[in-house]
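Step one of this worksheet: look at the structure below.
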Amino acid sequence: MAKIKVATVSLAGCFGCHMSFLDIDERLIALLEVAEFDRSPLTDIEHCGPCDVGLIEGGVCNAENVHVLREFRKNCKTLVAVGACAINGGLPAMRNQFALEECLLEAYRDGIGVENPHIPNDPELPLLLDKVHPIHEIVKVDYFLPGCPPSADVFWTFLSALLAGREPSLPYELVHYD
Ligand code: SF4
């Protein structure tokens, strides 16, 4: 039987959701018997090909995030917002209460310890968006896994259901937002 294809990515995330996913520990071996990874920080694949499931960590804070998120949406049959950042912007969205310019000046000109003040402007760098956005403001999302991060059991419960062709649902004790 063909393996189910899973892609994962961290946009404006901290990789904590990926670490929590890896906390499924030895269950990863069982997972790899039925699933294979496409683009992911865990592989060397640069672009997301056609996949069954896309797991998105992090909100959207810059132009590259938008591009990558759209690539995932185009290629993944089921797209999942993983963690607080993807669901509502998370802690990084605290910058939304300030103007972007204020944030840049604080980080690169006025902050304590800044040397050689200069806002980076190399064209290779992705432009920051004015605000941090949850991913559902950019693309359609099929499922949301809450938590910062969601626990390993959340990942396992969700993926097991999906792989078995069941509609995923989380028991009450696994639903948390912190
Ligand atoms: S939800 Fe929490 S753990 Fe996940 S990327 Fe955001 S800050 Fe990190």
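Only a predicted model underlies this, so the values are computations on that prediction, with no experimental measurement involved. We count ligands from 1, going down the list as the structure has it; atoms in each ligand are counted the same way.
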Atom 6 (Fe) of ligand 1 has as its nearest protein heavy atom C85 SG, 2.3 Å

Does the side chain of H18 pick up a donor-acceptor pair with the side chain of T8 at under 3.5 Å? yes

Does V34 share a hydrophobic cluster with V80, counting links as ILVMFWY side-chain heavy atoms below 4.5 Å and allowing steps through other members? yes

Number the atoms of ligand 1 from 1 as they appear, then name those within less than 4.0 Å of a heavy atom of E57, with their elements. 5 (S)

Identify the protein heavy atom lying closest to atom 1 (S) of ligand 1, giving its residue, its atom name and the separation to 0.1 Å. A84 N, 3.3 Å

Between D178 and H176, is there a side-chain donor-acceptor contact under 3.5 Å, judged purely by atom types and distance? yes

Checking the side chain of E57 only, and the main-chain atoms of C14 only, is there a donor and an acceptor separated by less than 3.5 Å? yes

Going by heavy atoms, is G90 under 4.0 Å from ligand 1? no

With heavy-atom distances below 4.0 Å as the criterion, list the atoms of ligand 1 near C17. 1 (S), 3 (S), 4 (Fe), 5 (S)

From C14, does some N, O or S atom reach closer than 2.8 Å to atom 6 (Fe) of ligand 1? no

Within ligand 1, which atoms have a heavy atom of P149 less than 4.0 Å away? 3 (S)

Using a strict cut-off of less than 4.0 Å between a Lys/Arg side-chain nitrogen and an Asp/Glu carboxylate oxygen, indicate whether K5 and D52 qualify as a salt bridge. no

Name the closest protein heavy atom to atom 2 (Fe) of ligand 1, giving the residue it belongs to and the distance to 0.1 Å. C148 SG, 2.3 Å

When you check the gap from the basic side-chain N to the acidic O, do D142 and R73 get nearer than 4.0 Å? yes

